[in-house]
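Following: one structure in structure tokens, then a few remarks.
Every chain is numbered from 1, with letters handed out A, B, ... down the list of sequences.
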Amino acid sequence: MILRRPVFWLILIFAALMAFIPFHANDVSMREDLILVAIAVILASNLNLMIGYTGYVNFGHIVFYGLGGYVGLYLATVRNWNLVPASLAAGVVVSLFALMLGMGILRLRGAYFALATIGVLLAVQSFVANFDPWGRSTGLYVDFSAYERLGGARHALWMTYFLVIGVMALSMILSLGIKISKFGLGLFAIREDEDAAVVLGVNTTVFKAIIYSVSAFLPAVAGALMFYKNGMIDPSIAFEFMLSLEGIVMLMLGGKGTVVGAALGGGLYEKLRSYLLTSPKLSNFQLVIAGGLLLLVVLFAPGGLIGWLYRLVPRARKVIE
Amino acid sequence: MTPLLEVSGVSKRFGGLLAVSDVSFSLGEREILGLIGPNGAGKTTLFNVVNGVYKGDKGTVKFAGEDITKCSPNQVVHLGLARTHQIVKPLQDMTVLENVTVGACFGREYLALKPARKVALEVLERVGLAKSAEMSARSLTIAGKKRLEVARALAARPKLLLLDEVLAGLNPTEITHMIGIVRDIRDSGISVFMIEHVMQAIMSLSDRIVVLSFGQKLAEGRPEEVARDPQVIEAYLGDPDIAEKLKENN
Amino acid sequence: MSGILASMIDGLLIGSVYGLAAMGLSLIWGVMDVINLTHGSVIALGMFGMYILFAAFPVNAYFLLLPILVAGLLLGLVIYWISVHWVIGRSQLSSLLSTFAVNMMIIGIGTAIWSTSPYNVNFTLRGFTVGAYTFTGNHIAAATAAVIIALALELFLYRTRPGKAIRAVADNREAAELMGISSTMVLALAFAIGIALAASSGALVSTLFPFTILSGAGYQMKSFVVTVLAGLGKPLGALAAGVLLGLLEGAVTPFIAVSWIPLIEFGLFVVVLVAFPKGIFTRATA
Amino acid sequence: MKRLVLPIFLVVALFVTTGFAQNLTLGFTASNTGAMNVDSLEQKRGFELWRDQVNAAGGIKAGGKSYKVQFVSYDDESNPKRVQQLYSRLILQDKADFLFSPYSSSLTATAAIVTEQYEKIMLTTGAAEGKTYTLGNHYLFQMFTPGAEYLKGVLDMLKTKDPKAAIAFVYEDASFSVSVVNPAKEYAQKLGFNVAFSEAYAPNTTDFSAIIDKVIASKSTILLGGGHYADGSTLAKQLYEHKVQLKMITLLVAPDSDKWTELGDAAVGVIVPSQWEPQSAFKPQYGPSGADFAKAYTAKFNAPPSYESAGGYASGLILQRAIEQAGSTDSAKVAAALNATDITTFYGRSKFATEANQHGLQVGHAMVLAQWQKDKSGKLVKQVVWPLAAKSANLVYPIH
């Protein structure tokens, strides 16, 4: 049972604190920092379902986030839907898209799959940039009046923040739930040896398609919320290849395949980046520092922070999942 | 009574090479059927066609009365046909227990996680790996990995087990142990279809033996009949060692 | 002269430069099973290499390819040692990430030095004009240079001992080691050559278009497309696939808006990947 | 001891004066890195020159106090996601009193959402697109003439030279250029021109051969379009190399930069719709003259000002005047002063729309057209050719 896992409660406490502290202090600046941290955690956690659990490197994971943003913003601004149903609809639509896409490209393995995901990302970006209902490369804008419906801009932003924190908590709980489930066991088998998994009875085709689709859902919801908060979306920010790659960096940093590692990596990386970007001396070198850090992790600590913790304190494996 | 496994007229071609050519045989309940033949005879390919890793070009495979010719390997497992690999495929970074739990979870009974773990522990006990349950599969010895292969397949609660050279690479003590395990499996009511190069073992274990050479079925019958078959002995001439052993068995 | 023909000739010329860029990626991928994500930033370094050299020695820019090739080899050895050497034999993800990390560092350092402003190599060869259409001398020279380098590589791989060693290692690393070929040396050499090819293609591009430190990314993507079309480890195949891609772009553009090209190109890329995972030019074997 | 008196006096004086002068914090982000790097830098220099001059003159004097201007600025990487985070930070952490916009329409649109939420005034410069002002904001004030106006002058001018010309629109597929070209296409058709070809290209395009082949095939003689510096300069260079027989080339933004001369012969004859040119001799009611501004700018940065620089400086100037008029730094009072602003500076006239459906849109400023021409010594110079009243040279038409 998931309720018996200490990590489950840790996630809830962590999310509650993240929601409560900036609200209590009415610290909007902290909120803006934390919402980016939450987004990073969402992206890294869901990416972990593919890379960490199933062993499929998805370079184009951001495509779900961006498409979710587009579907959500389109429904919320052009079709005048409320934010919550629009975001959920974005999640559903994008998951279905992923399911169909997955049937095709999940026949590929290893690096070929990774490359195909880059192709998908660029093809989708190009399509959206030519798609009239979504404003081509100019994108979609949120009318200020949309905030009025949610009780004014300030209120709307707090609401989006809580929703994003909610999605973050769900992402981590989803990761945990899958990890301790039979479904998760099947995914791990695929990660370790796909051929062996089939022979052991795992329906790998279905499992892969499902997890690909599942890993699309929450990022799409988060994308809808985040771009609504941003007030606009265009193809270059929705489908940022760099962000897709940074998701992988976050995962490696924290430790792929672990619930806490993905979250930790996402949070830390975003914090580091924010710090470097606003530090006058280091801002020119933020890429160098982030790259160097990644290189060190890949070369010397492939298990990431959590892997390092496991080696240091083997018993941690039981608690920190 | 209908046989458990019925292979009729199966062929498999890779490019210009006919790996398996028009092979037919059947296997009954509680039977141990051996499959022997020189290297490259197409034994593993035949296994792969039987459990659906490859689709045969011709012929049919029936299992427990159902036509499984077009089934994928995972469907075949659900029907009760499990197998091991000649080159072991442990799920390296998972524990031994998890490896076997995978087998139980997605096997014939498609168990939930908790009962699957129970079955896995039982099976580990049976193959003598209980002590290593929490070790990672990577850290097992080759003998341990062979046993893990068997345990995973067993955990699927199969009606028929395909064993692909489970004795290869083991020392005499380990061989004896493994032979015990195979007997035990048969005694528990599971049929076994096994490929083996260790002649003494397969001769003593099998109820019947099928011999493949260049993809074709050369002979089929009780071990002593097969061993006497001049065609079989000739097929093994390229391998005088085994030919010698065959004769010894007579 | 019809627009389509002109457009296809333009495509052919630029396609051979795509091909040269892809050869580097394909060689490294084929020989050592490493997908080199520093490819794009090395192409950009090649551009800036040409810029710096041309500023110092304003001779015919195409003579400067030679020092860039040499510098590329050295750079390749450095990158190999930093990012690849330690992860040979580990999962593909490791080398993917380690080269990506180095890519970030190169881009970061490059941005600190050159910012992301566009730079130009101000060197123009006279082109030739047919009717209303003019084909620039630079395009023709760059395409010629790309073909010459590709042929030189082919000769190297098939006619010299180190070249044969590279092919042997690509075929079967263990067997090659048994035959006394030091695979580390060979891998380092192959990687260095791959990097030198990428740098030289960047240098060629710099004579055609303005560039920034970020410009390599687009050519990296094209290299992926070309490599997948060509199959791995086949330098001349990559050149042919590059030309094919250029021709395709040239043939399609008169009929649709240019902004649709990436969709067609990357859509095609994904479809080809799924349908022919081993490349179109390689016959599928079971 | 005597030697110490002067330093001590100076330190004390410094303390005393700074005690009287309060600080006014102005926040903005600039694209120190990223795609907009070139364009953004010139705008930032305009801000900086204004700040230095204001502070040298003792700061902004309002309501009996004087305020020293200090900047807080970050690198936004030309990335809208960063822009929002950084503007929140500017407002909440750095307690910026007023804000300037980032460079480019799309970044400004994102920043505007944050500044509007906190009721902070933001002067937008380097952001010509008009759509942002129809979204219902109260604290946004645009310094640039809106995008729809950019190419009108060119078409009017062309009408006098070649009323039946075939025009090709080739433009960057981005907020700003789309907001410029769409109305321009309509206007061209209204004037009776033949729009023979129209196509947008991706923002990061470097190879224009495909589009150029299509322009040739369309038999157009006029090319209008472009986007920002990187793509515009490349397009011009390749048009030249492909020897396309065009009678007129007008590109957005890019040709205004001093760096344009690096294109050599390819630069000749290209026209740019400009918010301001050093030759524009407006009679300032407030602030320095155009010549003084240009001189100070060139002295400080060793390069002549572009219209982005002028826009940056003018933003400061207009804000400064509004604060002085309001006699306070209170947002609501300064906003009221800005609403009432209708003044001519070296940069020309500035007036903001006050209607709710387009609040803050620039309605006072007019654009000029500048063309790169060779002077007698063969040196490339940028001449104002339109409107005729402000011209510093005659239009060269056709180019070849």
Task: Side chain, backbone, both or neither of A:Ser181 within contact of chain B (heavy atoms, under 4.5 Å) - done: backbone

Open item on the list: Just checking A:Arg107: does its CZ atom have more than 12 heavy atoms from other residues, nucleotides or ligands closer to it than 6.0 angstrom?
Closed with: no

Open item on the list: Quick check on side-chain contact (heavy atoms from CB on, under 4.5 Å): which of A:Ile190, A:Asp193, A:Leu185 does B:Leu91 satisfy it with?
Closed with: A:Asp193

Task: Heavy-atom side-chain proximity of B:Val77 to A:Val199 below 4.5 angstrom - done: no

Open item on the list: Taking side chain as everything from C-beta outward and backbone as N, CA, C, O, which of these in B:Val53 sits under 4.5 Å from a heavy atom of chain A? Side chain, backbone, both or neither.
Closed with: side chain

Open item on the list: With a 6.0 Å cut-off (strictly less than), is the heavy-atom count around NZ of A:Lys256, excluding the residue itself, greater than 12?
Closed with: no

- [ ] Side chain from CB out, backbone as N, CA, C, O: work out which of these in B:Ser72 comes under 4.5 Å of a heavy atom of chain A, or both, or neither.
- [x] neither

Open item on the list: If you compare all heavy atoms of B:Gln92 against all heavy atoms of A:Glu192, which two are closest, and at what distance to 0.1 Å?
Closed with: N-OE1, 3.4 Å

- [ ] Name the region of B:Leu111, side chain, backbone, both or neither, that has any atom closer than 4.5 Å to a heavy atom of chain A.
- [x] backbone

- [ ] Please round to the nearest 0.5 Å and tell me the distance separating atom CG of A:Leu200 and atom NZ of B:Lys89.
- [x] 10.5 Å

Task: Contact class of B:Asp93 relative to chain A, heavy atoms under 4.5 angstrom - done: both

Open item on the list: Does B:Ile87 have more than 12 heavy atoms from other residues, nucleotides or ligands lying within 6.0 Å of its CD1?
Closed with: no

Task: For chain A, the option from B:Arg83, B:Met94, B:Glu149 that forms the most heavy-atom pairs under 4.5 Å - done: B:Met94

Open item on the list: Looking at every non-hydrogen atom in both residues, tell me the closest pair between A:Gly201 and B:His78 and how far apart they are.
Closed with: O-CE1, 3.3 Å

Open item on the list: How about NZ on B:Lys70, more than 12 heavy atoms from neighbouring residues, nucleotides or ligands closer than 6.0 Å, or not?
Closed with: no

Open item on the list: Taking every non-hydrogen pair under 4.5 Å, which of A:Ile180, A:Asn203, A:Asp195 racks up the most with chain B?
Closed with: A:Asn203

Open item on the list: Keeping A:Lys182 on the side-chain end and B:Cys105 on the backbone end, is there a donor-acceptor pair under 3.5 Å?
Closed with: yes

- [ ] May I have the step-by-step check of side chain to side chain contact (heavy atoms under 4.5 Å, CB included) for B:Asn74 and A:Thr204, ending in yes or no?
- [x] CA-CA 8 Å; B:Asn74 53 298; A:Thr204 51; 5.8 Å; no

